[in-house]
J.: 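Have a look at this one before I ask anything.
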2 protein chains.
Amino acid sequence: MLKEERQQTILSEVELHNRILLTDIADALDVSIDTVRRDVKELDAENKLKKVHGGAISLGFTSSSVRSDNIYRLEQKRKIAEKALDLLKPGGVIFVDGGTTCSELARLIPANLELTCFTHSLPVATELLSKTGLTVIMVGGQVSSESQTAIGANAIHNLSEIKVDYSFIGTGYVDSYYGLTEFDWDIVQVKKAIIKSSKKTVLLSISEKLNSQHRYKSCDINAINTMITELNPENKLLDSFRNHDIRIL
Amino acid sequence: MLKEERQQTILSEVELHNRILLTDIADALDVSIDTVRRDVKELDAENKLKKVHGGAISLGFTSSSVRSDNIYRLEQKRKIAEKALDLLKPGGVIFVDGGTTCSELARLIPANLELTCFTHSLPVATELLSKTGLTVIMVGGQVSSESQTAIGANAIHNLSEIKVDYSFIGTGYVDSYYGLTEFDWDIVQVKKAIIKSSKKTVLLSISEKLNSQHRYKSCDINAINTMITELNPENKLLDSFRNHDIRIL
DNA sequence: AGAATTCGTGCAAATGTAGGCAATTTAATT
DNA sequence: AATTAAATTGCCTACATTTGCACGAATTCT
């Protein structure tokens, strides 16, 4: 049997079944496992498949990091996300909300950090999946096409059964007097559930949202333990939030 | 024997068998290995075939022709998905499994069809969200990075609380005797739960997977109500599935 | 934590490759 | 027809690749 031929067979098997064992292939092709191992190593180097312990898996599954390119105020959001990273500790359990800022946080989480991440956001979950150290748990429920997050009674019920160390949430509007508010009632219900299932809640918000409000209220401002904006913590714009027992980063 | 004639023979052998061994050809044509080697070298230079260590392979057979970003056997999968579309009725409630074939189904569902879709697959959910008529419900749970689907006890529990009209599932391996089998134990548990929560189960599988099996079993073959492959329903390859009360499309 | 796989490296045997060389065949020219 | 030049072929040798095995290290499973 020719080497090329063998590698082609291996590739087909991987594409067909998504995953293969070296032992199975060695058995099927009647060559030693070392040979298969070497083949898989080569194919991996050529980016034809992904080598894993004991076998190989198809690339088609693993490689998808989707991001819509023009995110509003991306630089500010990235700055916020970077500050939030400091709160992450190995072995921690966190919740990551939907929205572009939280997605940016998800993107910046180091791949090797050992962390358990809950989320109800499809894009965040997808992003987090590329990090090897993470355990990702999707909170299910009806998915809102607008926010791409699970909402509704089911999601809220699922949230009621967990308790995380930190939740990182975004908000539509934030005001030191009116607290966190939203345009959408369903979203508000979910935010409430998230906050309830968190020991500490971290708000990620660009400064542009400060001192704005809308019709439905997620929580009072002092339900927030830590607030992160792209601003310097001493910035005047944050003054009105200082006497609320909130840590400002 | 003329050189031209010999090279022609080599070429047709390569086209016929996709590959040849230098030793075989030398033997068959009763010339020295060196001569064959030189011939193959020339043919390779003329791009008539690809020379490899120990022999030659047909150009159409080379791995470089299979780019990894297009899905394996996409055309066949699309054909399957199109057949599956006929089963969808307005107002129906369905479950869509993960995997490339089911993703293709998700992609082809008409945007205006009024349908409630459950899924435990992140890519499928994301795909379905773009259709306005659909209600999408994500089944939550720990997300497997390999399959990008929710698996584990939580997902299974969530599945236990629903009952859908049709579930469209894929499988790693299918055999008329051994039934549906998988590589991964966790996946099997989820498939079982999916089947249990469906009134009818539709299997989507490309014919290449027929008559293959692996170690863990999802279900007997007659747990499947409808089986869809890219083949014509009358195809001989499907014969072994006919006496199992399965509708074959 | 202990057992069982799996991995990676080095090694040796077998097989395949490239290039030089001489013998033979083929083609062309005188 | 004889001669010469070119091409082809087979063989030989030195070198490269491939493959299976052994063994300690690393990883995963229970």
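First the proteins, then the strands, lettered A, B, ... as listed; each starts at 1.
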J.: Under a 4.0 Å N-O cut-off, is there an ion pair linking Lys79(A) with Glu82(A)?
T.: no
J.: What contact category does Val40(B) fall into here, base, sugar-phosphate, or nothing, at under 4.0 angstrom with non-hydrogen atoms?
T.: nothing
J.: Are any of the side-chain nitrogens in Arg73(B) or Glu208(B) under 4.0 Å away from the carboxylate oxygens of its partner?
T.: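 A salt bridge links Arg73(B) with Glu208(B).
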J.: On DNA chain C, does the nearest nucleotide to Gly54(B) precede the nearest nucleotide to Gly54(A) from the 5' side, or the other way round? Give the residue.
T.: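 Nearest nucleotide further toward 5': that of Gly54(A).
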J.: What is the 5' to 3' range of DNA chain C, first to last nucleotide, that sits under 4.0 Å from any heavy atom of chain B?
T.: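 The footprint of chain B covers dG16(C) to dG19(C).
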J.: For Thr201(B), is there any backbone N or O sitting under 3.5 Å from a side-chain donor or acceptor partner on Asn225(B)?
T.: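 Yes: the side chain of Asn225(B) pairs with the backbone of Thr201(B).
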J.: Are the side chain of His120(A) and the backbone of Ala150(A) linked by a donor-acceptor contact shorter than 3.5 Å?
T.: yes
J.: Encode nucleotides 17-30 of chain D as B, S and - characters from 5' to 3', where the letter depends on protein heavy atoms closer than 4.0 Å: B to the base, S only to sugar-phosphate, - to neither.
T.: SSBBBB----SS--
J.: Under 4.0 Å between a side-chain nitrogen and a carboxylate oxygen: does that hold for Arg6(A) and Asp39(A)?
T.: yes
J.: Looking at Lys3(A) and Glu42(A), does any basic side-chain N land under 4.0 Å from a carboxylate oxygen?
T.: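 Judged by the 4.0 Å cut-off on N to carboxylate O distance, Lys3(A) and Glu42(A) do form a salt bridge.
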J.: As an exercise, state the distance from OG1 of Thr116(A) to CD of Gln142(B), rounded to the nearest 0.5 Å.
T.: 8.0 Å
J.: Residues of residues 7-21 of chain B with any non-hydrogen atom less than 4.0 angstrom from an atom of DNA chain C: list those, numerically ordered, please.
T.: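 Here the set is empty: none.
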J.: Would you call Val14(B) and Lys48(B) a side-chain contact if the rule is heavy atoms closer than 4.5 Å?
T.: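 Sidechains of Lys48(B) and Val14(B): no contact.
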J.: Please determine whether a side-chain nitrogen of the Lys or Arg among Glu230(B) and Lys77(B) lies less than 4.0 Å from a carboxylate oxygen of the Asp or Glu.
T.: no
J.: Between Lys89(A) and Asp165(A), is the closest basic N to carboxylate O distance under 4.0 Å?
T.: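 Between Lys89(A) and Asp165(A) there is no salt bridge, as every charged N stays at least 4.0 Å from the carboxylate O atoms.
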